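First up is the structure itself, then whatever we jot down about it.
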Amino acid sequence: MDAELRALAATGAALLVETLAGEGWARARALTTRFFERAGHPVEWAGEALDRSRADLLAVADEEELRLIQADLADEWDVRLGRALRRSPQSAVELRALLTELRPEEDDAAPGSVHNIVNIGTQHGVVIQGDGGGSVVRSRLTGSPGEAAARGRPQSGGTPGNTPPGPPFDEDDEW
């Protein structure tokens with residue numbers, strides 16, 4: 001299984017374990033059971049496995065044991081989701097949709113919240129991330145000199161006539 005599907009299974013497992021004891025449990029159970037049913041598992045199997053995981057989690061009394069049980073359950077569900085994805089790689093689309101449904105609503109306007117989206121690919125140029133409160137993080141991402149030149153972009157620094165919009169070009173600027 002490729003790295004993207006492995007990461008998807010791990011993310012799904014972690015999110016599923018988070019929902020086991022939460023308010024959205026019934027909905028998460030129904031959606032997850034439907035995912036496994038479409039991946040070829042009997043409905044009863046998925047429902048019973050989810051119920052056992054939930055019972056294990058709810059039976060824990062102390063914080064340290066809770067963390068251990070959560071880690072164990074995340075590992076178990078990672079394996080189960082990974083097997084479903086290996087059996088049917090096209091079910092990755094369904095798992096992504098399931099994760100979108102299970103994620104709690106995010107308030108993008110909340111102070112201090114950060115929402116990053118990572119896409120696979122090569123970025124050439126400057127990436128600027130700010131928090132809306134005046135803090136800015138800048139990174140210069142480049143590929144090989146040949147790749148940058150082929151795209152007509154400077155690898156680093158650039159020339160005054162070939163810079164992206166922004167502050168004036170400064171040779172001594174260290175980002």
Side-chain angles (χ1 to χ4, degrees), residues 1-139 141:
M1 180 176 351
D2 71 11
E4 183 181 357
L5 292 180
R6 285 284 345 122
L8 182 60
T11 301
L15 187 56
L16 182 58
V17 170
E18 282 180 35
T19 64
L20 287 175
E23 292 177 17
W25 160 244
R27 184 166 178 263
R29 185 185 190 280
L31 292 169
T32 305
T33 300
R34 187 174 64 209
F35 168 79
F36 278 105
E37 179 184 24
R38 289 182 179 162
H41 293 281
V43 174
E44 301 81 27
W45 171 86
E48 289 171 7
L50 288 164
D51 291 341
R52 280 191 306 274
S53 294
R54 178 176 163 81
D56 289 347
L57 193 62
L58 293 177
V60 175
D62 88 11
E63 195 67 30
E64 180 64 27
E65 187 179 356
L66 177 63
R67 281 192 295 276
L68 293 172
I69 293 293
Q70 286 173 324
D72 287 346
L73 290 173
D75 289 343
E76 288 176 24
W77 285 102
D78 183 16
V79 169
R80 290 175 177 147
L81 290 170
R83 285 181 183 153
L85 292 173
R86 269 194 307 278
R87 215 178 277 133
S88 174
Q90 49 284 31
S91 64
V93 172
E94 282 190 48
L95 183 53
R96 284 185 189 97
L98 169 66
L99 297 180
T100 300
E101 291 289 323
L102 292 180
R103 275 193 189 97
E105 292 295 321
E106 296 177 1
D107 182 8
D108 289 336
S113 67
V114 176
H115 180 78
N116 292 323
I117 298 174
V118 178
N119 292 312
I120 297 173
T122 303
Q123 302 295 320
H124 299 277
V126 176
V127 176
I128 299 174
Q129 175 179 327
D131 67 359
S135 299
V136 176
V137 177
R138 295 181 181 178
S139 298
L141 303 175

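Since the structure is predicted, the reported quantities are computational estimates derived from the model, not experimental observations.
- Applying the ring pair (Phe, Tyr, Trp, His ring centres under 6.0 Å) rule to pairs touching residues 39-59 yields Phe36-His41, Phe36-Trp45, His41-Trp45, sequence neighbours excluded.
- For the pair Leu99 and Gly12, the tightest heavy-atom approach, listed with the atom from each and the gap, is CD2-CA, 3.3 Å.
- For Arg80, the side-chain hydrogen bond (donor to acceptor under 3.5 Å, both in side chains) test picks out no residue, with sequence neighbours left out.
- Residues forming a salt bridge (charged side-chain N to carboxylate O under 4.0 Å, His left out) with Arg67 (at least two apart in sequence, or on another chain): Glu63, Glu64.
- Atom CG in Leu15 sits 8.5 Å away from atom OG1 in Thr11 (nearest 0.5 Å).
- For Glu101, the salt bridge (charged side-chain N to carboxylate O under 4.0 Å, His left out) partners at least two apart in sequence or on another chain are Arg27.
- For Thr19 (side chain) and Leu16 (main-chain N/O), a donor-acceptor pair under 3.5 Å exists by modelled atom type.
- At least one side-chain heavy atom of Thr100 sits less than 4.5 Å from a side-chain heavy atom of Arg103.
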- Task: Evaluate the criterion side chain to side chain contact (heavy atoms under 4.5 Å, CB included) for residue pair Asp78 and Arg6; output intermediate values, then yes/no.
- Result: CA-CA 8 Å; Asp78 183 16; Arg6 285 284 345 122; 2.7 Å; yes

For residues 52-61, tabulate all N or O donor-acceptor pairs below 3.5 Å that involve a side-chain atom, not counting sequence neighbours.
residue, atom, partner, partner atom, Å
Ser53, OG, Ala49, O, 3.1
Ser53, OG, Trp77, NE1, 2.9
Arg54, NH1, Leu20, O, 2.3

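- Here Glu44 pairs with nothing under the salt bridge (charged side-chain N to carboxylate O under 4.0 Å, His left out) rule; sequence neighbours left out.
- Asp51 pairs by the side-chain hydrogen bond (donor to acceptor under 3.5 Å, both in side chains) definition with Arg29, not counting sequence neighbours.
- At a threshold of 4.5 Å between non-hydrogen side-chain atoms, the residues Leu102 and Glu18 do not count as touching.
- Annotation: the span from Leu98 atom CG to Thr32 atom OG1 amounts to 4.5 Å, rounded to 0.5 Å.
- Shown here for Ala9 and Leu81, the closest heavy-atom pair between the two residues is O-CD1, 3.6 Å.
- By the salt bridge (charged side-chain N to carboxylate O under 4.0 Å, His left out) test, Arg96 is found to be paired with Glu4, residues two or more places apart in sequence or in another chain being considered.
- The shortest non-hydrogen separation linking Ala84 to Ser91 is O-OG, 3.7 Å.
- Nearest heavy-atom pair across Ala13 and Ala74 is CB-O, 3.3 Å.
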